[in-house]
Undergrad: 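To start, I am sharing the structure in question, which I have written as structure tokens.
Letters A, B, ... mirror the listed sequences (proteins, then strands); counts begin at 1. All heavy atoms count here, side chains included; hydrogens, waters and symmetry mates do not.
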Protein chains: 2
Amino acid sequence: MDNVDRRIIAALRTNGRVTYADLGRQVGLSASAVHERVGKLETAGVITGYHAVVDPTLVGLGVTALVSIHPTDTADDEDVAAELAELPEVESCYRVAGDEAFVVKVRVATVDALELSLGRLRRIKGVARTRSTVVLSTRFEGRPNVSDVDEPADGNAG
Amino acid sequence: MDNVDRRIIAALRTNGRVTYADLGRQVGLSASAVHERVGKLETAGVITGYHAVVDPTLVGLGVTALVSIHPTDTADDEDVAAELAELPEVESCYRVAGDEAFVVKVRVATVDALELSLGRLRRIKGVARTRSTVVLSTRFEGRPNVSDVDEPADGNAG
DNA sequence: ACTGAAAGTCTATGTCT
DNA sequence: AGACATAGACTTTCAGT
């Protein structure tokens, strides 16, 4: 993982559909060299995928909520996580430190759908109670944190 | 927005680097037709971008925290949001209903860096206090919610 | 809105340095 | 690890329906 890799990653986080040829121009390598590096980054699990991002309101998912999930005394984390994964409206799922077991992000069409979803969440074995925070607006989301990538490539491959 | 569009979106959410030729095969259209549809979805703002997703631990960002930001009585939401946007470690920022003004997701390298980041957050004008929840593990994140897309295309363009 | 064709570009692989 | 060559695939545009 040298600076060239970091710049490739930054470029792909910014534009996941950039061509290898373009990437090569950006980092000063041939397309085939970039192709090889990206392949290795994918194989190594550094790059886990490429995804289109969609405006949720324009696809009928205008209601977002952050839901804290408090476990029962006898709850099994893995079982709870597995059941959360079954619910398509649960977009993200974090196991957290503190009173709650999980914090999940739920995305649904309407507040009615949110109510139904919360009902499903509460019915999961191991869930004692939930606490919902409705998102009024998403200022930004999933921004790439590309701190130290602006430097020129150093050429010293790792 | 017909079923074909929804299937195209679902495919691009799953694999943002899929080719138009492939997409065409998946939805039963020519590559040029798909190209045109995707262009329209982008122009309409339905598809807002394409991004590579990276394993945070493998790029030196192993510590994630969800931070509730409680405002002062005189806080200006927009100013606070603008200042949050300046901090690269703040990956997502939600304006929420309830006691807190914002919930943000912070991604940093170490707990020391988290402490520094929380200091920066608290120093923002309009921030009264913060409440941090450290993420122990991310079970899944940003999953596509593609509910009603498995049906065959109906061919009735909107 | 879609198809099909055509020109240019890119990918993916192999060889060589 | 990367450059270069290349065959096949893909993109992008345009005329036609």
Undergrad: Does the side chain to side chain donor-acceptor pair (under 3.5 Å) test come out yes or no for A/Tyr94 and A/Lys105, once each step is laid out?
TA: CA-CA 9 Å; A/Tyr94 305 96; A/Lys105 186 172 75 183; over 6 Å; no
Undergrad: Looking at D/dG2, D/dA3, D/dA1, which one has an atom nearest to any side-chain atom of A/Lys40?
TA: D/dA1
Undergrad: Check this for me: does any side-chain nitrogen of one of B/Arg122 and B/Glu83 sit under 4.0 Å from a carboxylate oxygen of the other?
TA: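 Judged by the 4.0 Å cut-off on N to carboxylate O distance, B/Arg122 and B/Glu83 do not form a salt bridge.
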Undergrad: Is it the case that A/Thr110 and A/Asp112 place a side-chain donor and acceptor less than 3.5 Å from each other?
TA: no
Undergrad: Once each nucleotide of nucleotides 10-17 of chain D is scored for protein heavy atoms under 4.0 Å, what B/S/- sequence comes out, 5' to 3'?
TA: SSSB----
Undergrad: Just checking, is any N or O donor in the side chain of A/Glu36 or A/Tyr20 under 3.5 Å from an acceptor N or O on the other one?
TA: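 Result is no, nothing qualifies.
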Undergrad: Could you work out, with salt bridge (charged side-chain N to carboxylate O under 4.0 Å, His left out) as the rule, every residue matching A/Asp79, not counting sequence neighbours?
TA: none
